[in-house]
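Numbers restart at 1 for each chain; the letters A, B, ... are given by sequence-line order, proteins then strands. The structure presented is a predicted model; accordingly, all values stated were derived computationally and were not measured.
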Protein chains: 2
Amino acid sequence: MNARPSETLSSELTSTLRDAIITGEFKQGSKLSETRLAKQLNVSRGPLREAIRRLEGMNLIQHVPQQGVRVVTLTKELILQIYEAREALESKIAALAAEQMSSQEIEELHRLLDVQTRHMREHEAAAMPAEGDYAFHEQVIRGGKNKVIERALLFEIYNLIKMFRYQNEFAHTSTSNALIEHRQITYAIEQRDAVLAEVTMRQHIKRARERIERRMPD
Amino acid sequence: MNARPSETLSSELTSTLRDAIITGEFKQGSKLSETRLAKQLNVSRGPLREAIRRLEGMNLIQHVPQQGVRVVTLTKELILQIYEAREALESKIAALAAEQMSSQEIEELHRLLDVQTRHMREHEAAAMPAEGDYAFHEQVIRGGKNKVIERALLFEIYNLIKMFRYQNEFAHTSTSNALIEHRQITYAIEQRDAVLAEVTMRQHIKRARERIERRMPD
DNA sequence: GATAGACTAAATGTTGACATTAAAACAATC
DNA sequence: GATTGTTTTAATGTCAACATTTAGTCTATC
C-alpha cells in the first residue's frame, strides 16, 4: 500500500537525533550516552547504535572506540573548512545545473524566488527566513543531476550549516543581498551559462564565508 | 599500553568488507545477506550491521529498508559523476595545499615522485602502480589541512575510484602522463602558487575523466 | 493453462542479556 | 594534603533469541 520504503525505527531515530543535534538540544561537544538515550527514547540500544553510525557518516558526531560518541564542536576553524568544501562542491553543481535543469525545474526556482521576494516586502529588512534559503539551494543542488555531489552537500555539509546557523544568531542569512545573488544565479542558469552560474555561486558562498570570518569569535 | 584506540570488531569488519567490495570479491549489484555473512565470518549480526551502516556512509553499498543491502553498481554515469565531485574537491584542496603544506610535507612529495620515477625507468612504459599514484594524491589531500574535504575525498570518493580501477583493466593509471602532471602539481605547490596548483590538479583529473568517457562502454 | 490466494520459509528489524573495558569513587600511603 | 593504588560502578561492545515483513511456493479456482 505504501509506495515508498516504510520507515524503520532506526531511520526514525536518525532523523530525531539529527534534529536534536541541529537545534542544539544536544549541546556541542557533549557526550551521548547510549544507555541513557535508549531509556529516554524508550528503544533498545541496537537501532540506536545504528542511527549513531549514520550520524557519524553525516559528520554530526564523532566516535572514539571504547569511549562513546560526542556531538561535533563547531569551532571557527571547522566552520570555515565546511564553507570551503561547500564552495568547491556547490559552485560545480551550479555549473551542472545550468546545463542539466529542466525548464520546469527552473520555473520552480522562480517560484521560490517569488516567495522570498514577497517575504522580504512584508517583513522589510528582516533576515531571510532560513527555510526559503535552503529551498532555493536544494533546488539548484538537485538540478545538477549529480548524485555524488548532491549527497555530499545535503548529507554532510548542509546539516552542519543548518546546525551552525540555528545556534548562532549572527549567522542567520542576511538581508536582501542573498536575494539579489539568488536572482543572479537563477539568471545564469536560465541563460544556460555554466561558467557564470559557477562563478556567481562561488562568490555567493565566498561572501558568506568572509562574513563569518569577520564576525565569528575564535 | 596501546596508544591508539583499540580496534573493535565492528571496525575490523568495516575494513574487511570494504576491501572485499573494492577488490570485487563481492560483485557489484549483488545482495549482501546479513545472516550468511555473519555465519561466514563467524560473528554476530550486531557488529556486522554497524559495519554495513558505515559502508553505506562511504557510498559502497545501498540500503533498502526491509530488503537488505546491495553492493553499489559502478555505471559509466556514476563513475563520471564521481570524477566531477573529485575534480571540484581535489582542485580546491590542491590550492589549499599550496598555501598550507609544510616544507617537510613538500619534501615527502618529492620523495614520492622519485619512487614513481624510478619505477617508471625500471618498468618502462608500464602502467604506473596504483599505490604510488594514491600515495601522491593522499599526500596532497592531507597537506590541504581541511578535514572536511579530506574526509569527503578519502572516505567517499577514493574508495569508489579504487574499486573502479581495481576491477577495470582499462582504468589503470596510465603511462608517463600522470607522472609529468604530478611533477607540475608539485612544482605549483612548491612555488606556493595556489591558482596554478588548482588549475593543474583540475586538468589532471579532467583528463582522467575524459579518458574514461572515451574508453568505458555504457 | 493462467491467475489469485493461502501458506511456508527465510530474511531483516528489534529486543534483552552477557562480557569487557573505561571511568569514578574510595582508601591507603607518602 | 596530594597522589597512588584498589575497588566499584556504569558504560560500550557483543551475542543470541524473538518479531515482523518479504519473497517464494504451492494449491485451488476460473
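Between B/Glu181 and B/Arg202 there is no salt bridge, since no side-chain nitrogen of the basic residue lies less than 4.0 Å from a carboxylate oxygen of the acidic one. The pair A/Arg214-A/Glu210 fails the salt-bridge criterion, with no side-chain N (NZ, NE, NH1 or NH2) lying under 4.0 Å from an Asp/Glu carboxylate O. Using a cut-off of 4.0 Å between Lys/Arg side-chain N and Asp/Glu carboxylate O, B/Lys92 and B/Glu198 are scored as not salt-bridged.
In this structure, CD of B/Glu12 is placed 13 Å from C1' of D/dT14, rounded to the nearest angstrom. Atom NE2 in B/His63 sits about 9 Å away from atom P in C/dT12, given to the nearest Å. Atom CD in A/Glu7 sits roughly 16 Å away from atom C1' in D/dT21 (whole-Å rounding). Rounded to whole Å, the distance from CD on B/Gln66 to P on C/dT12 is 11 Å. A straight line from CZ of B/Arg70 to P of D/dT22 spans 16 Å, rounded to a whole angstrom. In this structure, the CG atom of B/Leu9 is 15 Å from the C1' atom of C/dT21, given to the nearest Å. Residue A/Ile52 contributes atom CD1, which lies 16 Å from atom C1' of C/dT14 at whole-angstrom precision. B/Arg53 places its CZ atom 10 Å from the C1' atom of C/dG13, with the value rounded to the nearest Å.
Residue contacts for B/Pro47: at a heavy-atom cut-off of 4.0 Å it reaches the sugar-phosphate backbone alone, with no base atom in range. At the heavy-atom level, B/Gly46 lies nowhere under 4.0 Å from the strands shown.
Dashed line: the shortest gap from a side-chain N or O of A/Arg49 to OP1 or OP2 of D/dG13 is under 4.0 Å. Residue B/Thr8 has a polar side-chain atom (N or O) positioned under 4.0 Å from OP1 or OP2 of D/dT14. For the pair A/Gln67 and C/dA23, the criterion of a side-chain N or O lying under 4.0 Å from OP1 or OP2 is met.
For the contact set between residues 24-39 of chain A and DNA chain C, defined by any heavy atom under 4.0 Å, there are no members.
In this structure, B/Tyr158 and B/Tyr134 have perpendicular ring planes: the angle between them is above 60°, well past the 30° mark. The aromatic rings of B/Phe170 and B/Phe164 lie perpendicular to each other, with more than 60° between the two planes, well past the 30° mark.
Position along DNA chain C of the nearest nucleotide to A/Val43 versus B/Gly68 favours B/Gly68 as the more 5'-ward residue.
Under the rule for a salt bridge (charged side-chain N to carboxylate O under 4.0 Å, His left out), the partners of A/Glu50 that lie at least two apart in sequence or sit in another chain are B/Arg49, B/Arg53. With sequence neighbours left out, B/Lys147 forms a salt bridge (charged side-chain N to carboxylate O under 4.0 Å, His left out) with B/Glu150.
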